[in-house]
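Just the heavy atoms: all of them, side chains too, but no hydrogens, waters or symmetry mates, feed the values below. Order of appearance sets the numbers: ligands from 1, and atoms from 1 within every ligand.
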Amino acid sequence: MLGIVNVTADSFSDGGRFLDQRLAIEHGLRLRDDGAGMVDVGGESTRPGAQPVAPDEELRRVLPVVEALARAAVAVSVDTMKPEVMRAAIDAGARVINDVNGFRARGAVEAVANAPVGLVIMHMQGTPATMQEAPRYGDVVAEVSAYLVGRARALEEAGVARSRIVLDPGFGFGKTVEHNRALFRALPKLAALGYRVLAGVSRKRMIGEFTGREAGERVAGSVAAALLAVQNGASLVRVHDVRETVDALKVWMELR
Ligand code: HH2
């Protein structure tokens with residue numbers, strides 16, 4: 001399980017809460033203690049409509065947090081699209097690079113290929129600034145699968161072992177609720193592509209649409225979605241509410 005630490009001013013559910021690095025580090029330690037196997041640190045919001053952050057600012061936000069958490073033996077993943085941030089994060093002790101842009105930026109594949117880190121390839125249609133304006137697909141499951149496999153092959157051609165790669169359909173990234181629903185139901189198919197699969201649905205708009213709740217009130221809905229994602233073949237879930245999700249998974253494992 002990846003616990004989320006957003007060192008941002010504008011993330012959709014916890015923006016501004018952990019912009020202070022000390023609070024971000026404390027939060028990361030708490031998530032580890034709550035049972036997160038890994039903590040995902042991000043310095044640039046990718047919420048719909050979010051504006052890009054300059055590389056220097058992103059580094060200033062995330063590096064001290066990555067260093068402190070790595071020093072405390074917390075397994076850290078870094079959520080970034082920028083090759084310079086990937087490199088610095090790896091030097092600072094990150095074990096995973098999580099790229100919502102699927103390592104498409106110039107130099108991204110080279111930045112990670114020879115480093116001893118896991119790689120999360122996520123699918124996104126468009127860019128965060130505009131992706132929710134008019135998401136459109138012929139066959140969303142086929143297109144997202146083809147994209148993910150294509151990006152995985154590009155990494156493998158650069159020397160990355162398949163076992164280092166994780167695929168993520170990118171719920172809410174250039175997708176309507178119907179697209180999300182189709183992809184969620186197709187998780188078993190994605191899991192059969194030969195790579196581990198990560199699902200990120202925590203507190204997202206889809207949960208809000210199903211429950212009528214604001215972002216801070218979507219814990220129970222998010223826990224339900226995380227359980228179903230695991231049941232559907234996801235090896236990893238990216239969540240804000242680690243403690244609640246861990247408890248739910250424990251009960252599910254015992255009683256299924
Ligand atoms: N979702 C968000 C950010 N990063 N990475 C992966 N691999 N999968 C996801 O689904 C995913 C992600 C968006 O959530 P959050 O971090 O809570 O918000 P923001 O982007 O506004 O910081």
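Relative orientation of the His123 and Tyr137 rings is tilted, given thresholds of 30° and 60° on the angle between their planes.
Ionic pairing of Asp33 and Arg243 is not present here: no N-O contact between side-chain nitrogen and carboxylate oxygen is shorter than 4.0 angstrom. In this structure, Glu157 does not pair ionically with Arg153, as no charged nitrogen and carboxylate oxygen lie closer than 4.0 Å.
A donor-acceptor pair under 3.5 Å links the side-chain atoms of Asn232 to the main chain of Phe184, judged by distance alone.
Closer than 4.0 angstrom to ligand 1 by heavy atom are Asn6, Ser11, Phe12, Ser45, Thr46, Arg47, Asp79, Asn98, Val100, Val120, Met122, Asp168, Phe173, Leu198, Gly200, Lys204, Arg238, His240, sorted by chain and number.
A side-chain N or O of His240 and one of Ser13 form a donor-acceptor pair less than 3.5 Å apart.
The line from CG of Asp14 to CZ of Arg203 is 6.5 Å long, rounded to the nearest 0.5 Å.
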